[in-house]
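Numbers here are sequence positions counted from 1.
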Amino acid sequence: MRRVPLRGGRAPAMILREVQLRGLLGDALDANRRGRLSHFIVDETSPAIAIFAPERRQDNHEGDWYGEHAGKWLIATAKAVARSSDAELEANLRQVADYLVSVQEADGYLGTYAPERRFMRKQPPKPGTWDGAPSVRTWDIWTHSYLILGLIETYRHLGEPRYLEAARKIGDLCWRTLDAEGIDINELGNHHGMSATVLMDPAAELYFVTGERRYLDLALLILRQADANPALALLTRAVEGIDASEIATGKAYQLAWNLVGLAKLHKATRREDLRLAVDNLWRSIRDHHLTLGGGPWGGVAHRSREVFNPAGVFSPYGYVETCSTLAWIQLNRELLAITGEARYTEEIERSAYNDLLGAQAPDGEDWCYYVFPNGKRVHTTYWRCCKSSGAMALEELPAIAYGVSMGQGIVINLLGPGRALYEDEKAGRIVVEQTTVYPFDSEIRIAIEPERAARFAVRLRVPAWAQGAKLRVGGVAAEDYAVEPGGYAVIEREWQPGDAISALFPMEPRMHRAINRNVQESRAPDGSPVQQQVLRFEYLAITRGPLVYASELIDGFKIEETLRLPKTPQTQWLRLLPAVRDGDPPRIGLDPGYRAPIVFQPYYVTGGRRDGAWRLTWMQLAPEDEAQTPAS
């Protein structure tokens with residue numbers, strides 16, 4: 001399988017050639033390839049591709065978004081073909097990509113809309129709505145954005161110039177429309193333009209792969225228009241440190257994808273205001289808008305299920321749209337590439353092992369549109385957006401799992417069984433193999449097998465939760481290397497064939513607290529501020545290592561349980577339990593002493609991953625005695 005490199009300078013001394021993930025992530029990837037990617041789209045007669053037929057698009061006057069599936073499938077399938085060499089899947093990829101290129105119109109248009117509804121046509125002013133949705137062509141730019149990325153990814157892995165040329169023709173059409181024709185990008189998408197301003201990402205990607213300045217100019221034009229929109233003001237408000245929920249409508253998926261574009265623009269221009277904007281909103285999302293399982297959540301008491309709630313709001317029933325989890329993983333991917341900092345991989349791992357795998361069915365076909373910390377698992381019907389987003393998100397993981405540091409050293413980002421193959425000028429072929437049952441166990445053996453003895457560095461991520469982590473290299477404690485949780489242990493030495501790193505990352509069960517509270521704020525007659533708490537519910541949840549744990553229905557029928565925790569040490573009533581069967585993950589038992597113990601399993605597998613299964617992550621805590629002050 002040929003992979004076309006990006007434009008750039010001299011190839012690094014060390015090159016990552018191949019990655020194979022096994023274990024939990026490997027099983028999910030295999031199911032994805034055999035299921036969703038092999039069956040949802042196979043050729044031009046598949047429903048998600050048939051809508052691009054010229055006779056179909058000529059009569060399409062609906063504001064649908066279904067065109068996005070083509071680009072998403074191209075992205076995920078191209079990556080799956082590259083890692084698996086699946087000949088049948090490769091044939092499907094070629095056939096679908098060739099068909100799409102064949103129905104692209106002379107001006108570059110490759111959407112699903114009738115001519116009078118296309119993004120190039122000026123439209124009368126739209127009526128105002130809460131989410132700034134235009135009356136027509138809501139998803140035309142959105143669909144073309146995914147098509148650009150999908151065609152580029154197909155070009156990278158198959159090496160056929162016609163795929164890149166089709167992507168460039170779309171980019172050129174967008175440039176003419178926004179520049180020469182004077183159509184404002186904000187008029188072309190909902191959520192006050194955010195579903196159209198996502199075009200920044202594919203425009204920047206076109207610049208990276210071609211080196212042609214006009215695509216960078218296109219991305220910068222989109223940014224200027226997005227910032228000039230008072231309802232969005234993307235860059236200005238982000239630099240000011242506004243919470244993510246206050247950017248336009250706070251739509252999680254669209255906002256995170258816009259941030260991917262801003263991160264790529266920073267990479268292209270090195271503008272510090274872009275980096276500050278991304279950092280501010282990344283921190284806002286991480287600190288206030290993620291579930292314990294790492295998915296962006298919202299939708300509580302809001303007209304949209306997919307919009308961030310104000311900072312400080314907590315509910316165990318919040319919605320996590322799987323599309324948002326994809327965009328969050330991609331944003332962290334970009335920031336990891338820019339900085340090399342472990343905190344971004346930490347977020348990717350948390351999201352992947354919990355809310356992402358928690359949305360996938362074991363057969364790889366079905367996905368949950370939404371997952372909830374506390375709620376019923378529902379496998380969505382029809383070809384909804386999140387099925388393709390989940391498949392895309394999984395295919396991001398192999399390229400993130402391992403890396404190269406400054407062209408000279410091995411980087412191990414994601415922990416778990418698997419294998420990576422490197423080539424190095426001095427060491428020749430280097431095989432890196434993780435042997436472990438992580439994330440279920442704390443011990444990992446990493447074989448470093450160079451073809452020839454050579455000196456190089458291995459950067460191993462040490463999870464932030466792994467207090468007391470220990471490393472041994474060649475049977476000797478790695479006392480000379482810093483083992484700081486939340487960073488990388490850098491082991492630079494002369495590596496010999498047969499060398500290995502032994503890592504121990506302690507995985508004690510941990511408790512987490514959260515509060516659903518409401519404080520009434522007012523002023524007294526003398527003008528002094530008055531605050532009175534009128535609602536307070538405290539909750540407890542459990543994690544072990546990177547995994548969030550959840551129970552099924554309590555006692556087989558209850559969706560909530562109020563716990564009174566024992567006063568004795570935690571180790572006496574929160575214990576690790578053996579797996580029911582060989583190969584199953586370990587369980588955790590919570591024994592409060594006054595009722596039967598409650599048994600927790602990893603969130604992703606709770607309920608056997610069945611449609612309709614219940615998962616309860618947060619347990620309500622009994623209220624403590626408080627002095628009550630009567631209202632006056």
Side-chain angles (χ1 to χ4, degrees), residues 3 6 12 14-30 32-33 75-76 78-80 82-84 149 153 156-157 201 205 208 256-257 259-260 263-264 267 278 282 286 290 293-296 322 324-357 360 389-407 409-422 432-434 436 438-439 444 446 458-464 486-488 546:
R3 181 175 175 89
L6 296 178
M14 184 175 288
I15 301 171
L16 176 58
R17 290 294 189 193
E18 180 185 315
V19 173
Q20 297 176 358
L21 299 186
R22 303 185 187 119
L24 187 53
L25 296 180
D27 290 346
L29 284 161
D30 288 344
N32 194 44
R33 177 177 57 83
I75 295 167
K79 292 179 178 181
R83 67 176 173 78
S84 69
L149 293 172
E153 200 65 38
R156 283 191 177 123
H157 293 293
D201 173 11
E205 200 63 30
F208 290 140
W257 191 4
L259 295 181
V260 172
K264 288 185 178 181
K267 191 160 53 175
V278 175
W282 179 88
R286 185 203 57 186
L290 296 179
T322 299
S324 302
T325 302
L326 160 69
W328 177 242
I329 287 173
Q330 291 177 320
L331 174 58
N332 281 280
R333 173 202 69 195
E334 291 303 314
L335 290 170
L336 174 65
I338 290 169
T339 69
E341 294 178 12
R343 58 178 172 164
Y344 303 116
T345 312
E346 193 91 22
E347 295 301 329
I348 293 170
E349 180 180 75
R350 178 162 71 122
S351 300
Y353 275 130
N354 297 291
D355 282 342
L356 181 61
L357 291 189
Q360 186 196 31
S389 290
M392 271 183 67
L394 281 174
E395 293 298 336
E396 293 283 355
L397 301 179
I400 294 168
Y402 295 85
V404 178
S405 174
M406 304 298 290
I410 290 168
V411 182
I412 302 173
N413 286 316
L414 294 183
L415 305 173
R419 178 180 183 272
L421 173 63
Y422 291 81
V432 178
E433 182 138 11
Q434 293 190 59
T436 178
Y438 184 97
I444 303 174
I446 305 169
V458 174
R459 291 169 53 86
L460 172 63
R461 184 176 63 88
V462 181
Y488 287 91

At what distance, to the nearest 0.5 angstrom, does [atom1] of [X] lie from [atom2] of [Y]?
X	Y	atom1	atom2	value
Leu394	Lys79	CG	NZ	11.5 Å
Leu25	Gln20	CG	CD	14.0 Å
Thr339	Tyr344	OG1	OH	5.0 Å
Leu24	Leu357	CG	CG	5.0 Å
Glu153	Ile75	CD	CD1	7.0 Å
Tyr402	Leu16	OH	CG	9.5 Å

> What pairs with Ala80 under side chain to side chain contact (heavy atoms under 4.5 Å, CB included), at least two apart in sequence or on another chain?
Replying inline: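 Side chain to side chain contact (heavy atoms under 4.5 Å, CB included) list for Ala80, sorted by chain: Leu37, Arg83, Leu89, Glu395.
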> In chain order, what residues pass the side chain to side chain contact (heavy atoms under 4.5 Å, CB included) check against Thr345, with sequence neighbours excluded?
Replying inline: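 Once residues adjacent in sequence are excluded, the partners of Thr345 under the side chain to side chain contact (heavy atoms under 4.5 Å, CB included) criterion are Leu336, Asn413, Leu414, Arg461, Tyr488.
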For residues [X] and [Y], report the shortest heavy-atom separation together with the two atoms involved.
X	Y	answer
Gly294	Ser351	O-OG, 2.7 Å
Tyr438	Ile444	CD1-CD1, 3.9 Å
Pro463	Leu415	CG-CD1, 3.7 Å
Val19	Ala401	CG1-CB, 4.5 Å
Ala342	Gly487	CB-CA, 3.8 Å
Asp355	Gly295	OD2-N, 2.8 Å

> Should the ring pair Trp328 and Trp282 be called parallel, tilted or perpendicular, given that the plane angle runs from 0 to 90° and is split at 30 and 60?
Replying inline: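 Rings of Trp328 and Trp282: parallel, under 30°.
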>> If you apply the rule side chain to side chain contact (heavy atoms under 4.5 Å, CB included), what do you find for Leu290 with Glu347, and how did you get there?
In response: CA-CA 10 Å; Leu290 296 179; Glu347 295 301 329; 3.6 Å; yes
> Can Arg33 and Leu29 be said to form a side chain to side chain contact (heavy atoms under 4.5 Å, CB included), step by step?
Replying inline: CA-CA 6 Å; Arg33 177 177 57 83; Leu29 284 161; over 6 Å; no
>> salt bridge (charged side-chain N to carboxylate O under 4.0 Å, His left out) for Glu205 and Arg156? Distances and angles first, verdict last.
In response: CA-CA 12 Å; Glu205 200 63 30; Arg156 283 191 177 123; 2.3 Å; yes
>> salt bridge (charged side-chain N to carboxylate O under 4.0 Å, His left out), that's the test. Do Glu346 and Arg343 meet it? Break it down for me.
In response: CA-CA 5 Å; Glu346 193 91 22; Arg343 58 178 172 164; over 6 Å; no
Should [X] and [Y] count as side-chain neighbours, where that means a heavy-atom distance under 4.5 Å?
X	Y	result
Pro398	Leu21	yes
Thr325	Pro296	yes
Ile446	Leu460	yes
Leu331	Val278	yes

> With Tyr353, which residues qualify under ring pair (Phe, Tyr, Trp, His ring centres under 6.0 Å), at least two apart?
Replying inline: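 Here no residue qualifies.
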Give a yes or no on whether the backbone of [Y] and the side-chain of [X] come within a donor-acceptor separation of less than 3.5 Å.
X	Y	result
Glu349	Pro546	no
Gln434	Gly418	no
Gln360	Ala28	yes

> For Arg419 and Glu18, what are the C-alpha separation, side-chain angles and deciding distance, and is it a side chain to side chain contact (heavy atoms under 4.5 Å, CB included)?
Replying inline: CA-CA 8 Å; Arg419 178 180 183 272; Glu18 180 185 315; 3.5 Å; yes
> Can you check salt bridge (charged side-chain N to carboxylate O under 4.0 Å, His left out) on Glu396 and Arg333, steps first, answer last?
Replying inline: CA-CA 8 Å; Glu396 293 283 355; Arg333 173 202 69 195; 2.9 Å; yes
